[in-house]
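Computed over heavy atoms, backbone and side chain alike; hydrogens, waters and symmetry mates excluded. Everything numeric in this text was worked out from a predicted model, so none of it was measured. Sequence lines set the chain letters: A, B, ... in the order given, protein chains first and strands last, and positions in each chain run from 1.
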Protein chains: 2
Amino acid sequence: MTTQARTRAATINDVARVAGVSRAAVSKVLRDAYGVSDAMREKVNAAIDELGYRPRVSARGMRGATFTIGIELPNLDNPFFSDLVSGATSRLLGEPYQLIVAPASPANAEGERAIQALTDRQVDGVIAISPEVEQSWLEDVAAAVPLVMLGRHDDTREYDTVVGDDAAGTRLVLEHLLGLGHRRIAHLTLPESVTVERPNTTHGVREAAYRRIMADAGLAGEIRVVNVEPDPETVYAATRDLIDGPDRPTAVFAAHDELALTVLRAVADAGPAGGDVSVVGYDDTWIARHPLISLTSVNQSGQHMGGRAIDLLLDRVAGRKHPVHEVVAPRLLVRESSRAPTA
Amino acid sequence: MTTQARTRAATINDVARVAGVSRAAVSKVLRDAYGVSDAMREKVNAAIDELGYRPRVSARGMRGATFTIGIELPNLDNPFFSDLVSGATSRLLGEPYQLIVAPASPANAEGERAIQALTDRQVDGVIAISPEVEQSWLEDVAAAVPLVMLGRHDDTREYDTVVGDDAAGTRLVLEHLLGLGHRRIAHLTLPESVTVERPNTTHGVREAAYRRIMADAGLAGEIRVVNVEPDPETVYAATRDLIDGPDRPTAVFAAHDELALTVLRAVADAGPAGGDVSVVGYDDTWIARHPLISLTSVNQSGQHMGGRAIDLLLDRVAGRKHPVHEVVAPRLLVRESSRAPTA
DNA sequence: CAGCATTGTACAACTCGCGGT
DNA sequence: CACCGCGAGTTGTACAATGCT
């Protein structure tokens with residue numbers, strides 16, 4: 001502690017020696033296991049404090065648990081993901097588990113690598129968002145470690161899911177816009193590799209629901225889906241194409257808030273010449289609520305979803321085997337970014 | 001792989017048996033160590049593929065490295081932190097290291113716990129942002145594992161630092177505002193526990209520079225520092241107090257963009273009655289550039305800082321002993337949130 | 001007898017079942 | 001019976017030692 005350049009960090013053996021007990025006894029105290037007297041516990045704890053001892057998680061992981069749960073995220077830029085993490089973190093207060101986040105590399109399809117990095121590190125459970133990964137691969141992962149997936153509507157054998165009711169959320173958005181009198185409503189979303197090719201993902205369900213509801217409203221001819229890579233430049237350019245092109249939509253339903261913000265930016269930059277375009281997002285992130293942004297959005301409480309994911313994971317760690325699929329009800333928050341069309 | 005309900009995951013022993021070689025040989029090809037023939041490498045890799053073998057990082061950690069570098073962050077809500085992580089992630093492409101993020105719990109002074117969680121997990125290096133932690137404690141940590149701290153101007157013995165030139169950045173802000181004709185310029189920042197009590201932190205330096213520059217400009221009487229906990233409600237209330245109270249400032253210099261956004265919110269909510277208040281932030285996060293926000297801010301490139309932190313850490317892993325202190329030059333981005341005072 | 005490739009084996013730090021007082 | 005300790009087991013690393021041209 002006070003001495004510098006300590007030779008080596010203390011191990012369980014050092015603690016045992018100082019406390020005058022066996023290594024196994026120290027282990028029991030550490031794990032709060034059955035069969036330790038108060039006197040023993042006190043002696044051991046005193047030695048632990050004296051040496052500043054901390055158990056190596058690596059060594060623990062060889063036989064027991066690592067008391068670590070890992071969460072894989074596509075990136076940290078989307079504030080919805082921060083909500084998830086913050087919900088998970090606060091649900092974990094008081095539990096002996098430490099949360100670690102593994103951001104997938106910017107490249108696509110890096111989700112697998114990040115999930116594997118977590119399992120390689122012997123985490124006790126994994127939470128992940130990976131629309132691009134095959135279900136069969138996830139089932140294999142789940143056979144080895146408790147797994148909860150976010151944002152997938154899969155019918156699974158081995159893992160749990162927490163997901164918003166994306167069809168209902170999309171209905172809320174479209175009924176709102178249709179009710180305002182909009183007809184030319186475009187849907188801006190992620191590439192087809194995570195929508196039409198992955199009909200069980202959030203964005204797959206949202207796109208399908210958009211198409212269905214538009215058709216049901218007799219607006220099949222107005223269906224317009226723009227699939228783009230989610231980097232700002234591409235989204236911006238795609239939106240400008242939409243605004244500056246023929247048959248400009250009067251409303252854009254963006255698949256999530258981060259996209260919606262870029263749409264708002266393009267609309268703002270286009271100025272009055274761009275016409276009056278309503279914009280709706282999804283996730284109701286904190287920035288949507290900002291009065292200067294005031295973005296109409298669908299709330300599905302990322303905090304709550306993150307917390308529930310932890311609940312399900314801890315259930316699984318405790319032994320549950322059958323899959324649970326939790327669906328979170330969406331709410332529409334109407335703000336200034338959506339209004340009746342002027343034309 | 002294809003078979004389900006595999007009994008147990010493959011170990012290095014299984015690989016050795018299938019390949020018909022010794023365990024040591026397998027270890028060598030895994031580590032790319034000296035002294036393996038091409039034939040050996042091929043046999044082993046074939047066995048690895050066949051078994052779907054992946055080395056346990058826990059076991060590796062017992063003797064060698066974990067190929068993991070950990071980054072501790074106070075939270076994931078501040079987009080500047082996302083920039084840091086994204087800079088670190090892309091700098092790490094091609095390196096054999098995996099980045100994991102440990103968010104500190106919302107409670108204050110949880111930074112120590114999160115850093116310890118990383119060292120307990122035997123990471124090969126740590127990057128951290130922890131203004132509240134004692135330097136002596138960090139020196140102890142750094143004696144055991146390579147450490148790079150962000151946002152601290154410490155004169156260190158064992159760890160490196162990457163930090164913006166906060167005095168220069170503050171000067172850019174104040175010269176800009178003074179040049180516009182502002183006199184009543186308030187500074188909204190974090191609690192004194194991380195400013196006046198920690199003069200080596202970013203926010204400590206910014207506050208001190210604010211006081212000095214104001215005084216040098218003959219405005220000692222106008223110095224007004226508001227120290228608040230950074231949760232939105234508190235910041236909002238403090239800003240309203242400022243706006244609605246006597247001697248309303250004509251400009252507010254917020255210590256970082258996340259705070260500045262809440263200030264903008266309070267100003268927007270106050271409406272014309274709140275008067276014309278210029279707002280300046282710090283970090284130039286992506287949201288500051290949004291045309292609906294258009295926040296004047298100081299850029300110190302989080303991406304660059306995150307990348308440099310990785311560079312320094314890898315240097316240290318490779319053996320460097322003496323401390324390096326890297327200072328990043330700031331740039332002021334003037335946008336619509338700051339303008340000449342009307343009164 | 002160099003100069004390789006390859007293997008044997010001593011660790012590393014903890015957990016846990018079982019046997020002993 | 002309540003407590004405690006022995007010792008094997010966990011998976012990989014790395015160095016010394018062996019075997020082979």
Side-chain angles (χ1 to χ4, degrees), chain A residues 6-45 47-48 51-68 96 119-124 144-145 317, chain B residues 6-45 47-48 51-68 96 119-124 144-145 317:
Chain A
R6 256 198 132 2
T7 61
R8 293 192 24 69
T11 75
I12 200 173
N13 279 309
D14 300 323
V15 176
R17 188 165 20 77
V18 169
V21 300
S22 76
R23 202 170 63 221
V26 177
S27 177
K28 284 187 182 177
V29 173
L30 287 173
R31 290 174 288 127
D32 238 333
Y34 175 80
V36 278
S37 63
D38 290 353
M40 159 78 65
R41 199 187 328 277
E42 259 179 64
K43 269 191 302 187
V44 169
N45 282 327
I48 287 175
L51 297 173
Y53 165 75
R54 305 202 44 104
R56 291 315 172 272
V57 172
S58 293
R60 284 190 145 174
M62 306 251 16
R63 280 190 74 73
T66 58
F67 298 101
T68 309
T119 57
D120 289 348
R121 279 158 186 78
Q122 305 282 104
V123 296
D124 296 335
V145 57
V317 170
Chain B
R6 258 204 131 356
T7 61
R8 290 190 29 66
T11 75
I12 200 173
N13 279 308
D14 301 325
V15 177
R17 189 167 16 79
V18 169
V21 300
S22 76
R23 203 168 67 225
V26 178
S27 177
K28 279 191 175 185
V29 326
L30 285 174
R31 290 173 291 131
D32 237 332
Y34 175 81
V36 278
S37 63
D38 291 352
M40 162 75 70
R41 199 189 328 279
E42 258 178 65
K43 267 191 304 187
V44 169
N45 281 328
I48 286 175
L51 296 173
Y53 166 76
R54 303 200 48 101
R56 289 323 165 267
V57 173
S58 292
R60 286 188 144 174
M62 304 243 32
R63 292 201 60 102
T66 57
F67 298 101
T68 309
T119 57
D120 289 348
R121 280 156 186 78
Q122 305 281 106
V123 295
D124 297 336
V145 57
V317 170

Q: What is the distance, rounded to the nearest whole Å, between atom CD of A:Glu42 and atom C1' of D:dC3?
A: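 These atoms are roughly 16 Å apart.
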Q: First contact, last contact: which nucleotides of DNA chain C are these for chain B, 5' to 3', heavy-atom distance under 4.0 Å?
A: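 Nucleotide range in contact with chain B: C:dC4 to C:dA13.
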Q: Quick one: side chains of residues 29-36 of chain B, donor-acceptor pairs under 3.5 Å with protein atoms, not counting sequence neighbours, listed by atom name and distance.
A:
unit_1  : atom_1 : unit_2  : atom_2 : d
B:Arg31 : NE     : B:Ser27 : O      : 3.2
B:Arg31 : NE     : B:Ser27 : OG     : 3.0
B:Arg31 : NH2    : B:Ser27 : OG     : 3.2

Q: Using whole Å, what does the distance between atom P of nucleotide D:dT11 and atom CD of A:Gln122 come to?
A: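 Computing the A:Gln122:CD to D:dT11:P distance gives 9 Å.
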Q: Are a donor atom and an acceptor atom from the side chains of B:Thr68 and A:Arg121 found within less than 3.5 Å of each other?
A: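 Note: B:Thr68 and A:Arg121 side chains meet the donor-acceptor criterion.
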Q: Answer with base, sugar-phosphate or nothing: what part of the nucleic acid does A:Val26 contact at a heavy-atom distance below 4.0 Å?
A: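 Nothing, no heavy atom under 4.0 Å.
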Q: Give a yes/no answer on whether the side chain of B:Arg63 brings an N or O atom under 4.0 Å of OP1 or OP2 in D:dG12.
A: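 For B:Arg63, the contact criterion (side-chain N or O under 4.0 Å from OP1 or OP2 of D:dG12) is not met.
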Q: Would you mind reading off the distance between A:Arg17 atom CZ and D:dG5 atom P, rounded to a whole angstrom?
A: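 Taking CZ of A:Arg17 and P of D:dG5, I get 15 Å after rounding.
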Q: Where each residue is assigned the nucleotide of DNA chain C containing its nearest heavy atom, which of B:Met40 and A:Ala10 is assigned the position nearer the 5′ end?
A: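 Result of the comparison: B:Met40.
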Q: Let me spell it out: for each of B:Lys43 and B:Met62, pick the nucleotide of DNA chain C with the closest heavy atom. Which residue's pick is nearer the 5' end?
A: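 Mapping each residue to its closest nucleotide by heavy atoms, the 5'-most match is B:Lys43.
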Q: Below 4.5 Å, heavy atoms only, C-beta onward: do B:Gln122 and B:Val145 meet side chain to side chain?
A: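 B:Gln122 vs B:Val145: side chains apart.
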Q: Base, sugar-phosphate or nothing for A:Ala25? Non-hydrogen atoms, less than 4.0 Å.
A: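 Since only primed, P, OP1 and OP2 atoms lie under 4.0 Å of A:Ala25, the category is sugar-phosphate.
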Q: Please give, in whole Å, the distance from D:dT11 C1' to B:Arg54 CZ?
A: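 Value for this atom pair: 15 Å.
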Q: To the nearest angstrom, how far is B:Tyr34 atom OH from D:dC15 atom P?
A: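 Checked: the OH to P distance equals 15 Å.
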